[in-house]
**Student:** 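Dumping the structure here so I can ask a few things about it.
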Amino acid sequence: MKSPIRTFIVDDHPLVIVGARTLIEASGDIVCVGEASTAAGAMAQMGHAEPDVAILDVSLPDMSGLELAEKVITDSHVAHVVIMAHYHDRSYVQQALQIGAKGFVQKCSAAENLLLAIRSVMIGGLFFDPPTAREMAGSAISRSEASATSIGAQGLTAREQAVLRLVALGYSNKEIGAHTNISVKSIETYKARATEKLNLRSRAQIVHFALTHGWMSVN
């Protein structure tokens with residue numbers, strides 16, 4: 001039998017911890033091995049709890065959740081981090097990605113998306129809940145509307161780069177078409193051209209390329 005995914009919750013709101021625990025305990029394949037309301041408390045316990053995934057609030061009383069994320073990843077207390085907050089601004093999502101966080105869930109969507117985030121990061125994926133993905137996609141859509149013929153640093157047109165960026169965020173061809181008012185057939189063409197130019201063969205490679213080239217930034 002496969003071992004359950006071990007999680008540790010860090011949030012200074014007791015009701016949030018209770019809600020997250022309830023979701024996790026009802027899942028069948030995920031367990032909660034600890035909780036803390038401060039960064040100091042989390043650091044003191046995680047070494048013993050040995051979680052697979054840490055679920056971190058970004059606003060803690062003694063330290064930023066991003067600072068805590070960097071510490072737990074750097075000190076090898078946890079392999080995967082899911083950021084859970086009231087609102088995900090693109091600027092700190094970018095910072096969290098650079099630190100190594102892989103999951104992003106707004107508290108308003110946690111009931112539908114927290115377990116999906118945990119499972120996704122556990123198998124090496126990158127997870128944005130729909131509200132966060134919409135925020136992250138905003139600048140990509142703006143770029144796609146700016147110029148369809150300009151050539152970027154990677155040899156891509158603006159359209160190709162924008163489409164590939166939305167693919168990295170997890171959007172399907174149909175969803176990208178709805179966002180950009182481009183036909184699905186054209187989306188497939190832009191995607192094929194971009195991946196061929198960059199020699200990218202999987203979505204994992206596309207996501208890695210997007211992260212390392214700053215495509216998730218807000219600029």
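Count residues from 1 along the sequence.
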**Student:** So, taking the atom named OG1 in T7 and the one named CD1 in I55, what distance separates them when rounded to the nearest 0.5 Å?
**Tutor:**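 If we round to the nearest 0.5 Å, T7:OG1 and I55:CD1 are 4.5 Å apart.
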
**Student:** Looking at every heavy atom in both V121 and G103, which two are closest together, and how far apart are they?
**Tutor:**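 Closest heavy-atom pair between V121 and G103: CG1-N, 3.6 Å.
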
**Student:** Can you tell me how far apart OG (S37) and CD1 (I9) are? Round to the nearest 0.5 Å.
**Tutor:**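 These two atoms lie 12.5 Å from each other.
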
**Student:** What's in the same ILVMFWY side-chain cluster as V33, cut-off under 4.5 Å, chained through other members?
**Tutor:**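 Members alongside V33: V31.
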
**Student:** Are T132 and Q106 close enough that some pair of their side-chain heavy atoms sits under 4.5 Å apart?
**Tutor:**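 Yes. Closest side-chain heavy atoms under 4.5 Å.
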
**Student:** Apply the test side chain to side chain contact (heavy atoms under 4.5 Å, CB included) to residues V167 and I176: give CA-CA distance (whole Å), side-chain angles for both, the deciding distance (0.1 Å), then the verdict.
**Tutor:** CA-CA 8 Å; V167 171; I176 295 170; 3.7 Å; yes

**Student:** Considering only residues two or more places apart or on different chains, which pairs with a residue in residues 38-53 satisfy side-chain hydrogen bond (donor to acceptor under 3.5 Å, both in side chains)?
**Tutor:**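 Matches after skipping sequence neighbours: none remain.
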
**Student:** Would you find a donor on one side and an acceptor on the other, under 3.5 Å apart, between the side chain of K197 and the backbone of G155?
**Tutor:**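 A pair under 3.5 Å: yes.
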
**Student:** At what distance, to the nearest 0.5 angstrom, does CD1 of I187 lie from CG of N173?
**Tutor:**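 The CD1 atom of I187 sits 7.0 Å away from the CG atom of N173.
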
**Student:** Looking at every heavy atom in both D12 and S59, which two are closest together, and how far apart are they?
**Tutor:**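 Minimum heavy-atom contact is OD1-O, 3.6 Å.
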
**Student:** State the CG-CZ distance between L200 and F209, to the nearest 0.5 angstrom.
**Tutor:**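 One gets 6.5 Å once the value is rounded to the nearest 0.5 Å.
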
**Student:** With A194, which residues qualify under side-chain contact (heavy atoms from CB on, under 4.5 Å), at least two apart?
**Tutor:**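 By the side-chain contact (heavy atoms from CB on, under 4.5 Å) rule, A194 matches L156, E160, L164.
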
**Student:** Find out whether T180 and L166 are in side-chain contact, i.e. whether some heavy atom of one side chain is under 4.5 Å from a heavy atom of the other.
**Tutor:**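 In contact.
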
**Student:** Any chance you could measure N113, atom CG, to M84, atom CE, to the nearest 0.5 Å?
**Tutor:**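 One finds 11.5 Å between CG of N113 and CE of M84.
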
**Student:** Just wondering, do V72 and M46 contact through their side chains at under 4.5 Å, heavy atoms?
**Tutor:**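 Counting from C-beta outward, M46 and V72 do come under 4.5 Å.
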
**Student:** Hey, could you give me each pair passing salt bridge (Lys or Arg N to Asp or Glu O under 4.0 Å) that has a residue in residues 113-126? Not counting sequence neighbours.
**Tutor:**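 As it turns out, the salt bridge (Lys or Arg N to Asp or Glu O under 4.0 Å) pairs with a partner in residues 113-126, which skip direct neighbours, are D29-R119.
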
**Student:** With sequence neighbours excluded, what pairs up with A117 under the side-chain contact (heavy atoms from CB on, under 4.5 Å) test?
**Tutor:**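 side-chain contact (heavy atoms from CB on, under 4.5 Å) check on A117 returns V82, V105, F127.
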
**Student:** Do V53 and V81 have side chains that approach each other closer than 4.5 Å (heavy atoms only, starting at C-beta)?
**Tutor:**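 Answer no - side chains too far apart.
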
**Student:** Please test E196 against R201 for salt bridge (charged side-chain N to carboxylate O under 4.0 Å, His left out), starting from the C-alpha separation and ending with a verdict.
**Tutor:** CA-CA 8 Å; E196 181 65 27; R201 304 303 179 196; 3.6 Å; yes

**Student:** Do the side chains of D57 and V16 get nearer than 4.5 Å, heavy atoms only?
**Tutor:**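 Not touching, per the 4.5 Å side-chain cut-off.
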
**Student:** Any donor-acceptor pair under 3.5 Å linking the side-chain atoms of S183 with those of S186?
**Tutor:**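 Distance-only check passes for S186 and S183.
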
**Student:** List for me each residue that meets side-chain hydrogen bond (donor to acceptor under 3.5 Å, both in side chains) alongside R6, sequence neighbours excluded, and say none if there are none.
**Tutor:**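 None.
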
**Student:** Sorted by first residue and then second, give each salt bridge (Lys or Arg N to Asp or Glu O under 4.0 Å) pair with at least one member in residues 15-24; sequence neighbours left out.
**Tutor:**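 Counting only pairs at least two positions apart or across chains, the salt bridge (Lys or Arg N to Asp or Glu O under 4.0 Å) contacts touching residues 15-24 are R21-E25, R21-E35.
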
**Student:** Could you tell me which non-hydrogen atom of S27 sits nearest to which non-hydrogen atom of L115, and how far apart they are?
**Tutor:**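 Here S27 and L115 meet closest at CB-CD1, 3.9 Å.
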
**Student:** How long is the gap from CD on Q95 to CD1 on I83, to the nearest 0.5 Å?
**Tutor:**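 If I round to the nearest 0.5 Å, the distance is 10.5 Å.
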
**Student:** Using side-chain heavy atoms (C-beta onward) and a distance below 4.5 Å, is I73 in contact with I99?
**Tutor:**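 Counting from C-beta outward, I73 and I99 do come under 4.5 Å.
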
**Student:** State, to 0.1 Å, how close A20 and L114 come at their nearest heavy-atom pair, and which atoms those are.
**Tutor:**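 Looks like CB-CD2, 4.0 Å.
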
**Student:** Under the rule for side-chain hydrogen bond (donor to acceptor under 3.5 Å, both in side chains), what residues qualify as partners of D11, not counting sequence neighbours?
**Tutor:**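 By the side-chain hydrogen bond (donor to acceptor under 3.5 Å, both in side chains) rule, D11 matches H13, K107.
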
**Student:** Do D62 and L60 come within less than 4.5 Å of each other through their side chains, counting heavy atoms only?
**Tutor:**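 Contact flag for D62/L60 side chains = yes.
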
**Student:** Which residues satisfy the side-chain hydrogen bond (donor to acceptor under 3.5 Å, both in side chains) test with R193, sequence neighbours excluded?
**Tutor:**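 Listed in chain order: nothing, the list is empty.
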
**Student:** Within the structure provided, determine whether R159 and I182 are in side-chain contact (heavy-atom separation under 4.5 Å).
**Tutor:**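 With C-beta onward as the side chain, the pair touches.
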
**Student:** Taking the hydrophobic residues Ile, Leu, Val, Met, Phe, Trp and Tyr, and joining any pair whose side-chain heavy atoms are under 4.5 Å apart, which ones share a cluster with V184?
**Tutor:**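 Its cluster mates, by chain and number: none.
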
**Student:** Could you pull out the closest heavy-atom pair between A36 and G41, with the gap in Å?
**Tutor:**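 Result for this residue pair: CB-C, 3.8 Å.
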
**Student:** To check you understand the geometry: which heavy-atom pair defines the closest contact between I24 and C32, and what is its length?
**Tutor:**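 Reported closest heavy-atom pair: CG2-N, 3.7 Å.
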
**Student:** What's the verdict on side chain to side chain contact (heavy atoms under 4.5 Å, CB included) for L97 and F104, showing C-alpha distance, side-chain angles and the deciding distance?
**Tutor:** CA-CA 10 Å; L97 285 167; F104 302 86; 3.6 Å; yes

**Student:** Tell me, please, which residues at least two apart from E112 pass side-chain contact (heavy atoms from CB on, under 4.5 Å).
**Tutor:**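 Expected list: S109.
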
**Student:** Quick one: list whatever passes side-chain hydrogen bond (donor to acceptor under 3.5 Å, both in side chains) with E70, sequence neighbours left out.
**Tutor:**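 Testing E70 for side-chain hydrogen bond (donor to acceptor under 3.5 Å, both in side chains), a comparison that skips the adjacent residues, returns none.
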
